[in-house]
Amino acid sequence: MNMKSNVLTFKRANAPTLVEATNLHKHFGSVHAVDGVDLGINSGEIYGLVGSDGAGKTTTMRLLVGALLPTQGEITICGYDLRKQVELARSTIGYLSQRFSMYEDLTVLENIRFFAEIRGLSSTEWLPRSMEILEFVGLREHAEDVASAVSYGHQRRLEIARALASSPSILLLDEPAAGMNP
């Protein structure tokens, strides 16, 4: 199977384009995981990649965050060419991966702090925002719990909180509802 333009999108008129991918391909040997995807996602849009298992959705997401290089095609994130300005492009993205990617021996709040400080935020910036986000995702009372001790659903909420901590321009969520209650 391969990822073509199977998408669900809700457009907002006259909004700047934040994500643009043109003729995107990713091959792993003879496997064509992504085959000619074109995306144009504007500010304020909710955009969904829809397809069966193995269709290339996660590979497309990994291409968009710069974790993989495309075999062919171009990607621009917030005006940054992903091949030439990968760190600048990544600084605009909050990303929730398909798998748990937190430090299990750190607390919920320490995980958010770590990722916020990597993004260059000071404690006066990240701490108030983090507490607000932890309240929003229902984890404020778990801020001092070790990440490995909270349930899988709470770990997913922690990852969403982490992705939001730096106030990203773009939020990319790969399987965001896996293991979580609505």
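Side chains included, hydrogens not; waters and symmetry mates left out as well; all remaining heavy atoms used.
- Considering all non-hydrogen atoms of both residues, Ile112 and Ala161 come closest at CD1-CB, 3.8 Å.
- In Phe136, the CZ atom is not crowded: 12 or fewer heavy atoms of neighbouring residues, nucleotides or ligands sit closer than 6.0 Å.
- A donor atom on one side chain and an acceptor atom on the other are not found under 3.5 Å apart for Ser97 and Asp174.
- For the side chain to side chain contact (heavy atoms under 4.5 Å, CB included) test with Arg157, the passing option among Ile133, Leu134, Leu139 is Leu139; the others fail.
- No salt bridge links Arg113 with Glu110; every basic N to acidic carboxylate O contact stays at or beyond 4.0 Å.
- With hydrogens and angles ignored, the 3.5 Å screen pairs no side-chain donor or acceptor of Thr107 with any backbone N or O of Glu144.
- Using a distance-only test at 3.5 Å, with no hydrogens or angles considered, a donor-acceptor pair links the side chain of Asp38 to the main chain of Asn23.
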Residues Leu88, Ile77; criterion side-chain contact (heavy atoms from CB on, under 4.5 Å); working and verdict: CA-CA 9 Å; Leu88 290 170; Ile77 304 291; over 6 Å; no
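- In this structure, the ring of His142 has its center less than 6.0 angstrom from the ring center of His154.
- The backbone N or O of His32 sits nowhere less than 3.5 Å from a side-chain atom of Lys26 that would complete a donor-acceptor pair.
- Evaluation of the side-chain hydrogen bond (donor to acceptor under 3.5 Å, both in side chains) rule for Ser169 yields no partner, not counting sequence neighbours.
- In this structure, Arg162 contributes its side chain and Tyr95 its backbone to a donor-acceptor pair below 3.5 Å.
- In terms of heavy atoms, Leu49 sits closest to Thr60 at CD1-CG2, 3.8 Å.
- Cluster annotation: Phe28 is connected to Leu63 through the hydrophobic network of ILVMFWY side chains, with a link wherever side-chain heavy atoms come within less than 4.5 Å.
- Sorted by first and then second residue, the pairs that involve residues 66-88 and meet side chain to side chain donor-acceptor pair (under 3.5 Å), not counting sequence neighbours, are Glu87-Arg90.
- Here the side chains of Thr92 and Pro168 are not in contact, with every heavy-atom distance at 4.5 Å or above.
- Residues Leu39 and Ile75 share a hydrophobic cluster, clusters being chains of Ile/Leu/Val/Met/Phe/Trp/Tyr side chains in contact below 4.5 Å.
- The pair Glu125-Arg129 fails the salt-bridge criterion, with no side-chain N (NZ, NE, NH1 or NH2) lying under 4.0 Å from an Asp/Glu carboxylate O.
- In this pair, Phe114 and Tyr103 present their aromatic rings perpendicular. The plane angle is above 60°, beyond the 30 to 60° band.
- Nearest approach of Ser166 to Arg119, heavy atoms of both residues: OG-NH1, 3.1 Å.
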Checking Glu117 against Leu121 for the side-chain contact (heavy atoms from CB on, under 4.5 Å) test, could you report, in this order, the C-alpha distance in whole Å, the side-chain angles of both residues, the deciding distance, and whether it holds? CA-CA 5 Å; Glu117 287 181 352; Leu121 289 132; 5.9 Å; no
